[in-house]
Amino acid sequence: MPPMKRVRVSKKAANSGKDDDGDAVSSAKVTAGGKRKAKGATKESSESADPPQYSRWLMKSEPESRFENGIDMKFGIEDLKALPDQTDCWDGVRNYQARNFMRMMKEGQLAFFYHSNCKEPGVAGVMKIVKEAYVDHTQFDKKDVHFDPSSKPDNPKWSMVDVQYQRMLKRFIPLSELKKYHLQHRSKGGPLKDMALFTRARLSVQPLTDEEFDFVLSLEDKEPL
DNA sequence: GCCAACGTTGGC
DNA sequence: GCCAACGTTGGC
């Protein structure tokens, strides 16, 4: 096997796909109808839709070794913390919804670093978005696990952001615990009742409402459920 | 390692 | 554009 040249293991992500652009929130609903807008432009009020404004995120990566084409996919929060500047690009996302969420991220926003596909899945720490979406170069690299032959340099499909380690949570918050809260909140109401981690389980990059984010953070100071 | 959930592909 | 087959994610 190729002696791993690189250092960056690709973080997570998902599959592959197609389409070229897809905006996540294309749900531009048509709201009020008919206003006859005179001349031309008969678009359905594309911009009037309420673009959900998220400012908190959850991003998944695998903290344990797993080989794909001879390449180790391991990239846990400790790996991010160990890098120069504790910063890295979140490459390798190959799912349109996840990509679209990354494109909505703004510099300075916070994201949970979630450990997936491992012994103990859950939220490990917090990171900050330090560079907004730009072209993911790994899509053009034939040697990369996430190479996408269908993506052309003059019209790249995939984006990534840069993230910087902020801190570990005071205690690791396991998925099993979040799930208990989720179920509880779903029946009696509470901040985690619609958390994407459970309603959109396979999404590797997902938005959190402020309430969800704050609630998860508040668990740091509580006893494990 | 199993497998459910779900996204993607491709025939028609 | 439907939908069955297929592939991937990721918990358990």
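Bear in mind that the values here come from a model prediction, so they are computed numbers and not experimental data. A note on names: the letters A, B, ... follow the listed sequences, proteins ahead of strands, and every chain is numbered from 1. Below, all heavy atoms of this structure are taken into account, side chains as well, without hydrogens, waters or symmetry copies.
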May I have the distance from Asn95(A) (atom CG) to dG7(C) (atom C1'), rounded to whole angstrom?
13 Å
Using a distance-only test with no angle check, is there a side-chain donor-acceptor pair under 3.5 angstrom linking Tyr165(A) and Asp88(A)?
no
Is Val145(A) reachable from Phe140(A) through a run of I, L, V, M, F, W or Y residues, each pair having side-chain heavy atoms under 4.5 Å apart?
no
With sequence neighbours excluded, tell me which residues meet salt bridge (charged side-chain N to carboxylate O under 4.0 Å, His left out) with Arg167(A).
Glu220(A)
The nucleotide from dT8(C), dG10(C), dC12(C) with an atom nearest the side chain of Arg202(A) is dT8(C)
For residues 183-191 of chain A, please give each side-chain donor-acceptor pair under 3.5 Å, one per line with the distance, not counting sequence neighbours.
| residue | atom | partner | partner atom | Å |
| --- | --- | --- | --- | --- |
| His185(A) | ND1 | Leu192(A) | N | 2.9 |
| Ser187(A) | OG | Leu183(A) | O | 3.3 |
| Ser187(A) | OG | Gln184(A) | O | 3.1 |

Using whole Å, what does the distance between atom P of nucleotide dG7(B) and atom CZ of Arg99(A) come to?
15 Å
How long is the line joining CG of Leu58(A) and P of dT9(C), in whole Å?
16 Å
Presence of Tyr114(A) side-chain N/O under 4.0 Å of dT9(C) phosphate oxygens OP1/OP2:
no
Using whole Å, report how far CD of Gln97(A) lies from C1' of dT8(C).
15 Å
On the nucleotide dA5(B), are OP1 or OP2 found under 4.0 Å from the side-chain N or O atoms that Arg200(A) carries?
no
Expressed in angstrom and rounded to an integer, what is the separation of Met73(A) atom CE from dG10(C) atom P?
14 Å
Check for me, please, whether Tyr54(A) and Leu110(A) land in the same ILVMFWY cluster - side-chain distances under 4.5 Å, paths through other members count.
no
Atom CD of Gln206(A) and atom P of dC6(B): how far apart are they, to the nearest Å?
13 Å
For the side chain of Ser204(A), starting at C-beta, report the closest nucleotide among dG11(C), dG10(C), dG7(B).
dG10(C)
To the nearest angstrom, the CZ-C1' distance between Phe198(A) and dG11(C) comes to 11 Å
Answer with base, sugar-phosphate or nothing: what part of the nucleic acid does Lys119(A) contact at a heavy-atom distance below 4.0 Å?
nothing
Under 4.0 angstrom between Lys60(A) side-chain N/O and dT9(C) OP1 or OP2:
no
Which whole-number value in Å describes the distance from His115(A) NE2 to dT9(C) P?
18 Å
Nucleotide nearest Leu175(A) when distance is taken to its side chain, options dG10(C), dG11(C), dT8(C):
dG11(C)
